[in-house]
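Shown next, in structure tokens, is the structure this report addresses.
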Amino acid sequence: MLREACCESSPFPVQSPASQPAQSPPQKNVMKERLIPLIESALDTLIDDGTLPADAKRPVQIDRTKDKSHGDFATNIALMLAKPAGMKPRDLAEKLIAALPSDSAVAKVDIAGPGFINFFQADDWLTGLLESALADDFLGIDRPEQPQTVVVDYSSPNLAKEMHVGHLRSTIIGDAVVRTLEFLGHTVIRQNHVGDWGTQFGMLLAYLEEQKAEEGERELSRELANLETFYRAAKQRFDESDTFADRARALVVKLQSGDDYCLNLWAEFNQVSLSHCQAIYDRLGVSLTPSDVRGESAYNDDLAQVVADLDSKGLISESQGAQCVFMDAFKNKEGEPLPVIVRKAGGGYLYATSDLAALRYRAGTLQADRMLYFVDQRQALHFQQMFTLAKLAGFVPEQTELAHMGFGTMNGPDGRPFKTRDGGTVKLVDLLDEAEQRAFALVQDKNPQLDETELRTIARSVGIGAAKYADLSKNRNSDYIFNFEQMLSFEGNTAPYLLYAYTRVASVFRKAERDMNSVNGDFLLNEEAEQALAARLVQFGEVLQNVANKGQPHLLSTYLYDVAGLFSSFYEHCPILSSEDESIRNSRLKLAALTARTLKHGMELLGLSPLERM
RNA sequence: GCGCCUGUAGCUCAACCGGAUAGAGCAACGGCCUUCUAAGCCGUCGGUUGCAGGUUCGAGUCCUGCCAGGCGCGCCA
């Protein structure tokens with residue numbers, strides 16, 4: 001079984017409920033960490049002098065402000081404590097500020113609105129952050145003292161067929177999160193839980209066997225070149241011939257019992273199918289490799305043991321001949337307990353069984369601290385059951401975070417599932433081809449002077465990047481509408497816009513014949529555009545933390561779009577090279593250099609390929 | 001029937017743990033290229049956040065009930 005339902009029927013998904021995202025490490029934000037003790041100290045002072053009741057203390061919340069006129073950070077503590085203190089919020093805020101220890105990072109503290117306390121960060125604090133980001137290979141982000149081992153289950157196509165558009169989201173989103181986790185310093189173990197063990201493999205093996213006999217190896221490889229066709233042909237044989245169907249069923253049994261002949265045939269088929277997948281990964285710039293593949297078949301030998309262990313813990317009951325686990329939290333249509341079936345009445349094992357085996361393997365052998373599953377939202381119930389059961393059975397330690405990072409369906413411009421004209425599923429290859437072709441035409445139109453090779457390179461980056469970014473820029477929870485025109489537009493939150501912004505920075509350095517890595521002088525942030533850009537640049541680290549904790553790459557997309565927009569604005573309003581004052585020129589070059597590195601790293605984390613020119 | 005997800009501007013999407021005046025892009029309208037890539041920038045227009053209650057100093061966000069769409073609920077994966 002796989003991460004998708006097989007065969008003709010539509011896939012099914014699930015989603016996940018609430019219990020999820022155990023925020024891993026605490027959010028790191030130097031300024032916040034610095035401000036909280038100050039506020040706590042002020043609270044203590046007011047408690048000591050009787051202004052606040054002794055039990056008034058509560059966690060201090062510090063947020064970034066949306067509006068710059070409200071400073072850089074704000075706390076609502078005075079609003080929260082006004083009632084227990086029996087004071088007006090603004091009066092309390094005033095007393096708090098009076099009791100606040102001074103700090104060199106804070107330039108000014110204000111009361112605003114109903115009683116918010118606003119903090120304005122000192123200019124030299126900001127420039128200090130910029131300097132350290134510029135000097136650091138990791139752009140000044142906080143790397144954890146205790147890296148986690150994170151197992152990420154993503155992509156996981158069914159090997160029986162070619163990859164189709166339904167696999168794009170898991171693959172792209174999962175890979176962006178994987179890259180982000182690694183950049184943040186965690187140990188990531190990719191797990192491509194491919195569907196290589198389903199019932200339909202008997203059919204494919206029977207057909208493969210038949211074709212080998214009839215056509216010979218050469219013809220066969222050609223035939224396998226289109227797995228979709230191969231699958232359909234096999235299905236047709238299965239439906240039309242009882243002999244064939246019987247043969248197929250027999251092959252499944254033999255395969256699953258470890259018959260060498262069947263295993264070899266199966267391995268041959270998988271090799272072809274996996275090479276198709278790998279070609280797509282390479283083209284997409286996805287970091288998965290053959291060594292990340294650990295499919296359902298890998299757990300075959302452990303399935304009986306899984307069931308035996310569940311049984312020894314007293315979790316198994318037999319129901320209608322099947323071995324089941326009933327958990328109180330899950331009810332069926334009739335409001336009766338809903339089983340997780342781990343062994344069929346006929347003795348076979350199921351999707352759930354191998355997922356339990358995988359959970360145990362990941363917790364035990366791989367020593368995962370976190371496990372993230374990037375799988376269609378429709379499988380939410382399944383994963384809820386798996387996670388609950390895995391902990392109940394002791395397969396996974398209680399403290400291990402198990403999260404289903406579900407996502408919605410990719411729909412066409414009409415808002416309905418993305419299909420070909422004749423209603424078939426869209427092959428991923430075809431979608432990528434079209435994206436590249438459209439990009440090629442657009443790029444050629446803009447830059448007719450470029451030669452064919454360069455056009456191709458740019459078209460690949462833009463076309464593939466646009467397709468990926470369309471997905472990465474949206475909250476994964478909901479369905480989204482896939483639209484070639486929109487994603488390839490150079491305006492708005494799109495890959496081309498980001499890519500272009502980067503080439504503009506690169507162009508400045510090319511023009512100046514300066515190396516991006518050897519800028520000097522001090523940051524001088526006099527213009528509004530400079531300040532806004534600088535303030536956003538130093539937030540890179542906390543954005544990445546959010547992406548890692550929540551499994552939401554669109555947070556990074558939004559951030560990069562902001563940075564690109566702020567840079568464009570800065571670029572328009574603050575001449576860099578033509579600035580007459582050398583110190584300003586240097587400062588702007590430094591800002592440009594940090595922008596370039598932030599955009600480049602950020603895009604690479606999303607799996608885009610930034611270009612120096614386009 | 002039970003459960004999960006979604007509902008924000010004409011369209012596509014944002015909105016961090018409940019915060020301050022709900023933000024972008026497209027579309028429409030109007031400006032800016034003798035100066036670092038105009039694939040850009042600046043501006044105008046556009047909202048009863050599905051509906052109704054509730055909690056709160058404060059609700060798109062939390063609670064309850066409706067409405068609409070999608071999905072799931074016993075031997076597929």
Side-chain angles (χ1 to χ4, degrees), chain A residues 1-7 9-17 27 59 61 63-67 70 74 76 79-80 82-83 88-89 112-116 158 195 197-200 296 319-324 330-335 338-346 348 350-352 376-382 384 406 408-409 415 442-443 446-447 462 473-475 477-481 483 485-486 489-494 496-497 499-501 503-505 507-512 542-543 546 550 554-555 558 561-562 565 568-569 571-573 575-578 592 613-614:
Chain A
M1 57 180 199
L2 247 244
R3 292 296 180 231
E4 59 177 309
C6 75
C7 315
S9 62
S10 65
F12 0 126
V14 178
Q15 63 5 285
S16 72
Q27 294 256 335
Q61 289 181 24
D63 292 311
R64 279 194 182 277
T65 54
K66 283 181 197 160
D67 184 339
H70 295 141
N76 59 359
L79 291 161
M80 295 181 70
K83 187 168 274 185
K88 289 182 187 167
F116 289 104
N158 191 332
W197 209 241
T199 316
Q200 75 267 33
E296 295 180 280
S319 172
Q320 300 168 32
Q323 306 292 301
C324 305
F330 304 98
K331 310 281 191 204
N332 69 6
K333 296 177 194 174
E334 284 72 43
L338 176 69
V340 173
I341 301 175
V342 292
R343 192 171 186 201
K344 298 193 242 188
L350 301 97
Y351 187 45
D376 192 307
Q377 192 69 247
R378 287 171 295 186
Q379 294 194 36
L381 178 57
H382 167 74
Q384 273 183 63
T409 317
L442 286 166
V443 174
K446 292 278 182 198
N447 297 310
V462 170
S473 60
K474 293 172 181 70
N475 186 323
N477 293 328
S478 40
D479 296 347
Y480 86 100
I481 294 182
N483 183 309
E485 277 86 25
Q486 242 162 37
S489 162
F490 303 109
E491 288 148 352
N493 191 4
T494 63
Y497 180 86
L499 291 166
Y500 177 66
T503 63
R504 289 177 103 186
V505 199
S507 171
V508 169
F509 286 92
R510 214 166 34 240
K511 202 86 163 183
E542 62 183 281
V543 170
N546 278 328
K550 296 171 186 167
H554 84 281
L555 298 170
T558 304
Y561 177 54
D562 266 6
S568 293
S569 193
Y571 182 89
E572 295 287 335
H573 300 297
I576 301 169
L577 302 178
S578 54
R613 60 180 89 209
M614 63 188 270

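Numbered from 1 within each chain, the chains take letters A, B, ... in sequence-line order. Only a predicted model underlies this, so the values are computations on that prediction, with no experimental measurement involved.
- Comparing atom distances between the Pro114(A) side chain and each of rG19(B), rC75(B), rA39(B) picks out rG19(B) as nearest.
- Nearest-nucleotide mapping onto RNA chain B: of Pro89(A) and Gln323(A), the residue sitting toward the 5' end is Pro89(A).
- Toward the 5' end of RNA chain B, the nearer of the two residues Gly565(A) and Phe509(A), judged by each one's closest nucleotide, is Phe509(A).
- Residue Asp562(A) contributes atom CG, which lies 12 Å from atom P of rA15(B) at whole-angstrom precision.
- At least one donor-acceptor pair under 3.5 Å links the side chain of Thr558(A) to the backbone N or O of His554(A).
- For the P atom pair drawn from rG25(B) and rG43(B), the interatomic distance equals 9 Å after rounding to whole Å.
- In this structure, the separation between NZ on Lys550(A) and CG on Leu555(A) is 6.0 Å, given to the nearest 0.5 Å.
- You'll find that the side chain of Leu79(A) is closest to rC57(B), out of rA15(B), rC57(B), rC75(B).
- At least one donor-acceptor pair closer than 3.5 Å links the side chain of Asn475(A) to the backbone N or O of Asn477(A).
- Across the protein-nucleic acid pair, Asp376(A) atom CG and rG70(B) atom P stand 16 Å apart, rounded to whole Å.
- Under the 4.5 Å side-chain criterion, counting only non-hydrogen atoms from C-beta, Val443(A) is not in contact with Met614(A).
- Within a 6.0 Å radius of CZ in Arg510(A), other residues, nucleotides and ligands contribute more than 12 heavy atoms.
- Comparing rC13(B), rG40(B), rA15(B) against the side chain of Tyr500(A) picks out rG40(B) as the nearest.
- Using a 4.0 Å heavy-atom distance criterion, Ala82(A) is classed as making no nucleic acid contact.
- With hydrogens and angles ignored, a donor-acceptor pair under 3.5 angstrom links the side chain of Ser319(A) to the base of rG74(B).
- Put simply, CG on Asp479(A) and OG1 on Thr409(A) are 4.0 Å apart, with the number rounded to the nearest 0.5 Å.
- Here His70(A) counts as stacked on rA20(B): its ring centre is under 5.5 angstrom from the base ring centre and the planes meet at under 30°.
- The phosphate of rU37(B) (OP1 or OP2) has a side-chain N or O of Ser507(A) nearer than 4.0 angstrom.
- In this structure, the nucleotide among rU37(B), rC16(B), rA39(B) sitting nearest to the side chain of Arg510(A) is rU37(B).
- Among the protein residues, Ile576(A) comes within range of the nucleic acid bases, having at least one heavy atom under 4.0 Å from a base atom.
- With distances taken from any side-chain atom of Ala112(A) to the nucleotides rG74(B), rA39(B), rA20(B), the minimum falls on rA20(B).
- Atom CG in Leu499(A) sits about 12 Å away from atom P in rG40(B), given to the nearest Å.
- Counting only heavy atoms from C-beta on, Lys83(A) has its side chain closest to rC57(B) among rC57(B), rC36(B), rC73(B).
- Here the side chain of Thr503(A) pairs a donor or acceptor atom with the backbone of Tyr500(A) at under 3.5 angstrom.
- Using a 4.0 Å heavy-atom cutoff across all strands shown, Pro496(A) reaches no nucleic acid atom at all.
- Asn483(A) comes within 4.0 angstrom of no nucleic acid atom, judged by non-hydrogen atoms across all strands.
- With a cut-off of 3.5 Å on both pairing distances, rA22(B) has no Watson-Crick or G-U wobble partner at all.
- A donor-acceptor pair is defined here as one N or O able to donate and one able to accept, closer than 3.5 Å; no such pair exists between the side chain of Asn76(A) and the backbone of Leu79(A).
- Shown here, rC33(B) is classed syn by the O4'-C1'-N9-C4 or O4'-C1'-N1-C2 angle, which is within 90° of 0.
- Residue Gln320(A) is in base contact, counting any heavy-atom pair closer than 4.0 Å across all strands shown.
- Thr494(A) places a side-chain N or O within donor-acceptor distance of the main-chain N or O of Ser489(A), the cut-off being under 3.5 Å.
- Distances from the side chain of Lys474(A) to the nucleotides rC73(B), rC75(B), rC13(B) place rC13(B) closest.
- Using a 4.0 Å heavy-atom criterion, one finds that Ala74(A) contacts the bases of the nucleic acid, with or without backbone contacts as well.
- When the nucleotides rU6(B), rC41(B), rC36(B) are ranked by their closest atom to the side chain of Tyr497(A), rC41(B) comes out on top.
- Here the side chain of Lys511(A) is nearest to one of rA20(B), rU37(B), rC73(B), namely rU37(B).
- Per the geometry, NE2 belonging to His573(A) stands 16 Å off P belonging to rC36(B), to the nearest Å.
- Regarding contacts with the backbone of rA38(B), a side-chain N or O of Arg504(A) is found under 4.0 angstrom from either OP1 or OP2.
- One interatomic measurement links the two molecules: CG of Asp63(A) to P of rU61(B), which rounds to 18 Å at whole-angstrom precision.
- Here Ser569(A) lies in heavy-atom contact (under 4.0 Å) with sugar-phosphate atoms only.
- Using a 4.0 Å cut-off, no side-chain N or O of Lys550(A) falls inside it from OP1 or OP2 of rC16(B).
- Taking atom CE of residue Met80(A) and atom P of nucleotide rC17(B), one finds them 15 Å apart after rounding to whole Å.
- Counting only heavy atoms from C-beta on, His554(A) has its side chain closest to rA14(B) among rA14(B), rC16(B), rA39(B).
- rU37(B) and rA22(B): their C1' atoms are spaced 35 Å apart (whole Å).
- Nucleic acid contact for Tyr480(A): sugar-phosphate only, since backbone atoms but no base atoms lie under 4.0 Å from a heavy atom of the residue.
- Comparing the same atom, P, in rU49(B) and in rA59(B) gives a spacing of 12 Å after rounding to whole Å.
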Check: protein-nucleotides 23-32 of chain B nitrogen or oxygen pairs below 3.5 Å:
residue	atom	partner	partner atom	Å
rA24(B)	O2'	Tyr561(A)	OH	3.0
rG25(B)	O2'	Gly492(A)	N	3.4
rC26(B)	OP1	Glu491(A)	OE1	3.4

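- Nucleotide rC42(B) is shown with an anti base, its glycosidic torsion being more than 90° from 0.
- For the atom pair CD (Glu572(A)) and CZ (Arg504(A)), the distance works out to 5.5 Å, reported to the nearest 0.5 Å.
- To the nearest angstrom, P of rU49(B) lies 21 Å from CG of Asn475(A).
- Regarding Gln384(A), its CD atom lies at a distance of 13 Å from the C1' atom of rC2(B), rounded to whole Å.
- Atoms CG and CG, from Asn447(A) and Leu442(A) in turn, are 11.0 Å apart once rounded to the nearest 0.5 Å.
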